[in-house]
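Ligands are counted one by one from 1 in listed order, and the atoms in each one are counted from 1 as well.
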Amino acid sequence: MRIALPRRLAAPEPSWTRDVDVVVLGSGAAGLAAALAARPVRNVLIVTKDTLDAGSTAWAQGGLAAVLDPTDTFAEHVRDTLEAGAGLCDEVAVTSLVRDAPTAIDYLEKLGAAFDPGADGERALTREGGHSRSRIVHAGGDQSGAEIQRTLDENAINAGVEVFEHAFALDLEFGVSATGRRQVAGVRIAVLGPGGDVVSVGIVTARAVVVATGGYGQVFASTSNPAAVTGDGHALALRAGLTLRDLEFVQFHPTVLWQGVDSTAQQTLISEAVRGEGAILFDAAGERIMQGVHPLEDLAPRDVVAAAISERMAMAVDGVDDHVFLDATGIGERFEERFPFITRACRAAGIDPTRERIPVAPAAHYTCGGIDSNLDGTTSVEGLYAVGEVAYTGVHGANRLASNSLTESLVVGTRVGRNLAWKLPAKVEVVDERTDDEGALDDSMRAHVRTLMARHVGVLRRPDALASTLDALGAVAGKVAGDVTATRRNFEATNILTVAAAVTASALARTESRGCHRRTDVTSSVPAWERHLEVSLDDEGLAIRGGVSA
Ligand SMILES: Cc1cc2nc3c(=O)[nH]c(=O)nc-3n(C[C@H](O)[C@H](O)[C@H](O)COP(=O)(O)OP(=O)(O)OC[C@H]3O[C@@H](n4cnc5c(N)ncnc54)[C@H](O)[C@@H]3O)c2cc1C
């Protein structure tokens with residue numbers, strides 16, 4: 001079944017225009033890095049739907065991966081990344097990222113980021129799941145993302161990057177290039193009031209549009225991602241007719257703080273670095289979960305740990321079927337100093353992690369697939385760039401290696417910005433592409449869609465449940481209407497539905513288990529499936545290409 005979804009978000013008529021050289025959608029690490037690098041010679045505007053720091057970047061705990069230890073090598077970082085990516089990484093992209101990673105860390109430090117020092121006064125390096133070496137730099141203990149966001153915010157503002165906060169990117173605007181090809185000409189945005197109502201709609205025209213809207217963790221009811229991460233850039237790209245790749249690969253973080261069955265908001269991540277420091281997973285009966293499952297035991301790659309936990313939960317050990325336990329008591333008093341944010345979050349939930357086991361469960365954490373793009377952010381459309389978690393560059397393949405994502409956001413973001421500083425695409429006039437197929441979904445459907453996704457398109461995926469979820473999402477799509485009030489919540493609900501349908505259709509089509517995509521019917525990878533799935537949206541609905549026929 002092809003699910004029909006709107007081709008444009010329904011919103012009031014534009015009442016103003018604004019022209020800049022470069023417009024960046026989103027203000028996480030990727031968008032800010034791009035804006036900052038382009039700014040010295042370009043007029044750059046960041047459009048961001050909330051405050052500057054509302055994306056995932058500010059929440060990152062572990063840090064950034066780079067080869068900084070003299071005994072570590074690029075070859076080992078590449079090998080660990082390829083191994084996590086389970087056959088679907090682009091080795092050229094991985095090598096390029098790994099080689100530029102140390103320079104990106106130095107650059108951040110020059111901008112003023114303060115990384116935690118080790119005993120020798122050099123940057124401290126920790127190890128995370130899937131890494132064979134200690135190569136993660138961190139800041140503020142477990143507040144690495146906050147330090148990166150602070151550093152980039154300050155530098156972008158000081159450099160004169162203009163920012164529209166509370167401005168929602170709705171859809172791309174297109175024109176025609178001198179060679180007759182469809183080229184991006186700008187973006188239609190809604191300026192939001194304090195309650196998320198629409199104050200006005202306008203069009204920002206630009207010679208380059210950089211999509212840096214982050215991932216889609218909020219498509220799932222259980223997620224470590226903040227409220228702003230609703231897959232808007234993925235949905236906007238689908239509506240614009242672009243191809244997205246490998247959306248089925250959603251990395252579920254094995255350990256978020258479990259706060260009861262009713263908890264549906266962003267859940268506090270209990271970083272892998274806690275296991276890096278020696279914490280161990282147990283089930284409700286006190287049995288170790290990871291022993292004998294993988295040679296790296298509790299530091300096995302995320303998908304392995306998340307699946308082992310989900311399998312243990314499915315066994316309902318001692319009647320407990322929705323969480324397991326992480327024992328970090330062995331870290332002792334050092335825990336509070338090393339993990340101040342996690343300590344505060346646990347204590348707020350009534351748990352003392354230095355003395356008690358922490359209840360944990362898997363939750364949607366990172367989206368490996370995205371807008372098909374290159375390691376310089378270019379896409380199939382002239383003038384359109386994609387960077388950060390919204391982009392598919394080939395670096396993460398079927399599963400992201402921990403802490404490679406912030407590194408990728410910075411490296412690729414900076415490349416895009418520098419390239420745009422060097423050369424801008426030609427300007428094209430906006431051509432009116434309005435269609436009858438405009439609509440939006442009322443926000444009252446959001447919880448239903450997110451719950452369906454968490455229950456049936458989570459860590460372990462049953463084919464019958466995927467098929468019935470796709471039907472259910474098709475029924476929700478039938479409720480999209482042209483007269484739904486234009487508000488942030490309704491725009492987001494429409495985007496969540498669009499992405500949910502694309503993820504579910506992709507997960508149903510990939511009839512194997514690979515990386516972070518685990519099917520219950522085919523539990524191992526199938527060699528013929530060492531290929532990518534593409535998803536796009538046209539007037540007939542969602543279409544999947546690239547699969548293996550049964
Ligand atoms: C709890 C947590 C811990 C993590 N820890 C690590 C880690 O230790 N190391 C690591 O490498 N990665 C980590 N990650 C992943 C990493 O943080 C992200 O992959 C990375 O920050 C993505 O950066 P980004 O700039 O692409 O997106 P984001 O930082 O998510 O920014 C997206 C931006 O787009 C804006 N936006 C979204 N939609 C719209 C719209 N329609 N219009 C306008 N603006 C919009 C948002 O408001 C936001 O400003 C973690 C993620 C989480 C959630």
Query raised in the report: Taking the inter-plane angle between the rings of W258 and H323 on a 0 to 90° scale, is it parallel (under 30°), tilted (30 to 60°) or perpendicular (over 60°)?
Result: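 The arrangement is parallel - the two ring planes meet at less than 30°.
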
Relative to ligand 1, is [X] under 4.0 angstrom through side chain, backbone, both or neither, heavy atoms considered?
X	value
S405	both
Q61	backbone
S144	neither
L406	both
A167	backbone
D232	side chain
F491	neither
R488	neither

**Report entry** Best match, N225, V390, T213: closest heavy atom to atom 37 (C) of ligand 1
**Finding:**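 Among N225, V390, T213, the closest heavy atom to atom 37 (C) of ligand 1 comes from T213.
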
Query raised in the report: Considering only heavy atoms, which of A273, A402, G62 lies nearest to atom 8 (O) of ligand 1?
Result: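 Nearest heavy atom to atom 8 (O) of ligand 1 lies in G62.
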
Query raised in the report: So is L64 in contact with ligand 1, going by heavy-atom distances below 4.0 Å?
Result: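 Not so, L64 does not reach ligand 1.
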
Query raised in the report: Does at least one non-hydrogen atom of H365 fall below 4.0 angstrom from an atom of ligand 1?
Result: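 True for this residue.
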
Is the closest N or O pair between [X] and ligand 1 shorter than 3.5 Å?
X	answer
S403	yes
P226	no
V229	no
T51	no
S224	no
R400	yes
G63	yes
S27	yes

Report task. Hey, could you give me each pair passing side chain to side chain donor-acceptor pair (under 3.5 Å) that has a residue in residues 52-65? Not counting sequence neighbours. Result ->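 Non-adjacent pairs meeting side chain to side chain donor-acceptor pair (under 3.5 Å): T51-D53.
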
Please list the nearest protein heavy atom to [atom] with its residue and the distance rounded to 0.1 Å.
atom	answer
atom 6 (C) of ligand 1	A60 CB, 3.4 Å
atom 19 (O) of ligand 1	E389 OE1, 2.6 Å
atom 35 (C) of ligand 1	G26 CA, 3.6 Å
atom 44 (N) of ligand 1	K49 N, 3.1 Å

Requested in this report: Report the residues that fulfil side-chain contact (heavy atoms from CB on, under 4.5 Å) with D116, sequence neighbours left out, ordered by chain and then residue number.
Outcome: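 Testing D116 for side-chain contact (heavy atoms from CB on, under 4.5 Å), a comparison that skips the adjacent residues, returns H138.
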
